[in-house]
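The next block holds one structure in the form of structure tokens; read it before the comments.
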There are 2 protein chains.
Amino acid sequence: MSTLGYALLGLLAREPASGYDLSRQLRAPIGFFWRARHSQIYPELARLEAEGLVTHAVVEQQELPDKKVYTITEAGQATLQGWVTDPVEPAVVRDELLLKTFSLWLAEPAAAAALFREHERHHAEQLRVYEALQQQLEAKGEEIRQPTSPFFAAYVTLQRGLIYERQYLEWCRWVAEQLERTD
Amino acid sequence: MSTLGYALLGLLAREPASGYDLSRQLRAPIGFFWRARHSQIYPELARLEAEGLVTHAVVEQQELPDKKVYTITEAGQATLQGWVTDPVEPAVVRDELLLKTFSLWLAEPAAAAALFREHERHHAEQLRVYEALQQQLEAKGEEIRQPTSPFFAAYVTLQRGLIYERQYLEWCRWVAEQLERTD
DNA sequence: TCCCTCATGTAAAAGGTTACATGATTTA
DNA sequence: TAAATCATGTAACCTTTTACATGAGGGA
């Protein structure tokens, strides 16, 4: 099973969805930690179904195209559960901005500062999105503290996103300030 | 030009190196933000040479195999310089632990806590490596504050690594604590 | 004796992105 | 009229990983 397969099972364990729904979720906000295009999702759903981990039902809609709504099976739930606590290697970071940063000494400081200000803005935007999500989740009350609640899992994951964006933003600002100091 | 090509140019702009040297550097500590295996590096070096961005000289060694030492050309330096301040999309995070975290509600809390304690240990280790590197860099003195010094670029990049590891470590500890609280 | 380091490559497979393909409805 | 959303697929291409291939020298 591919990691993408588990990503899809993880979404379907929360609620049934079409390939289209899943592709939107794998853009944002779940896209924060795993992304996939529809061209990858549709064949993967077919594979999951062939293995008996999901099933689908065609739902006819008026004035909109028909859709295939996928549901996780018991076998799918069991497979997902087994995977969750299985050891994983820490994620490999693959960050082109950091690669550029490493060669920053070759650049014109003013042009480089602009690059970091741009990224600072991006992370500020992303942070606002996550903060809005946090407010929504906190309205759920005590559920976000219950380890067996899907809201707990979402809340804990979101905290990582918040920390990541805040720290990345601050780092960008700090680098830009260093480059703008023309003393 | 591929991103890997720029990664190699970025290393060769600092000092000439063989494919083998580059492959070690792209494991650690540069591997923090970009990784590559030797099977990817050797063909890429050939491509860079075909484009005139690097050249190589065969260095014979006693009691060790011969090696090809690559040097960046003026054209290579110019290409790299142009790329550094060129806009980039923020990195896409692809973190399997976060994917598991999102499905944490299906897991047994004790088993899940063990997973996070494991990652906490890993990030603590990584942090120690970066802190040692920081000490080495800080010994360079004022150079790490000069935007045109390669040590400045290394220092700034390292700061991001330090922040990343510290925050990831703290988040893992926080998640583990939540899961261990059996009230 | 077996594994690790040094050293350079190629080939096959898997994972991921971009482009091709179609078509209705709604919004600007 | 043009673009966006909904909806599902395939094909070509690029990137990355894993495996194959070879061989000397040093250390456990």
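Chain identifiers are assigned alphabetically (A, B, ...) following the order of the sequence lines, protein sequences preceding nucleic acid strands; residue numbering begins at 1 within each chain.
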Item to check | Nearest-nucleotide pick for A:Lys68, side chain only, options being D:dG9, D:dT16, C:dC6 | outcome: D:dG9
Item to check | Value in whole Å for how far the C1' atom of C:dT17 lies from CD of A:Glu96 | outcome: 15 Å
Checklist entry - Tell me: CG of B:Leu26 to C1' of C:dA7, nearest whole Å? => result 16 Å
Item to check | Given D:dG26, C:dT8, C:dC6, the nucleotide with the shortest approach to the side chain of B:Glu63 | outcome: D:dG26
Checklist entry - Considering the options B:Leu80, B:Thr85, B:Asp86, which one meets the side chain to side chain contact (heavy atoms under 4.5 Å, CB included) requirement together with A:Lys100? => result B:Asp86
Checklist entry - Rounded to whole angstrom units, what separation is found between the CZ atom of B:Arg24 and the C1' atom of C:dC4? => result 13 Å
Next on the checklist: Looking at B:Arg37, I'd like to know whether one of its side-chain N or O atoms comes within less than 4.0 Å of OP1 or OP2 on D:dT18.
Outcome noted: yes
Item to check | Aromatic plane relationship, B:Trp83 with B:Tyr6 - under 30° parallel, 30 to 60° tilted, over 60° perpendicular | outcome: parallel
Checklist entry - Given atom CG of B:Asp66 and atom P of C:dG9, what is their separation to the nearest angstrom? => result 11 Å
Checklist outcome for this item: Separation of C:dT5 atom C1' from B:Arg27 atom CZ, nearest Å, is 10 Å
Next on the checklist: Under the criterion side-chain hydrogen bond (donor to acceptor under 3.5 Å, both in side chains), I'd like the reasoning laid out for B:Tyr164 against A:Asp95: C-alpha separation, chi angles, the key distance, then a yes or no.
Outcome noted: CA-CA 12 Å; B:Tyr164 180 83; A:Asp95 190 326; over 6 Å; no
Checklist outcome for this item: The residue, B:Lys67 or A:Leu4, whose nearest nucleotide of DNA chain C is more 5′ is B:Lys67
Item to check | C:dT8 OP1/OP2 closer than 4.0 Å to side-chain N/O of B:Tyr20 | outcome: no
Checklist entry - With respect to the phosphate group of C:dA7, does any side-chain polar atom (N or O) of B:Gln61 fall under 4.0 Å of OP1 or OP2? => result yes
Checklist outcome for this item: Rounded to whole Å, the CE-C1' distance (A:Met1 to C:dA14) equals 15 Å
Checklist entry - So, is A:Arg94 close to the D:dT17 phosphate, meaning a side-chain N or O under 4.0 Å from OP1 or OP2? => result yes
Checklist entry - Between C:dT10 atom C1' and B:Gln40 atom CD, what is the distance in whole Å? => result 14 Å
Next on the checklist: Taking the minimum atom-to-atom distance to the side chain of A:Leu64, which one of C:dG9, D:dG9, D:dC6 wins?
Outcome noted: D:dC6
Item to check | Aromatic plane relationship, B:Tyr130 with B:Phe32 - under 30° parallel, 30 to 60° tilted, over 60° perpendicular | outcome: perpendicular
Checklist entry - Toward the 5' end of DNA chain C, which comes first, B:Val69 or A:Ser39, by nearest nucleotide? => result B:Val69
Item to check | Closest-nucleotide 5' rank along DNA chain D - winner of B:Arg47 and A:Asp21 | outcome: A:Asp21
Item to check | Euclidean distance, atom CD of residue B:Glu44 to atom P of D:dT17 [Å, nearest integer] | outcome: 14 Å
Next on the checklist: Is there a path of hydrophobic side-chain contacts, each under 4.5 Å between heavy atoms of I/L/V/M/F/W/Y residues, joining A:Leu11 to A:Val59?
Outcome noted: no
Checklist entry - Contact class for A:Thr3 vs. all strands (heavy atom < 4.0 Å): base, sugar-phosphate, or nothing? => result nothing
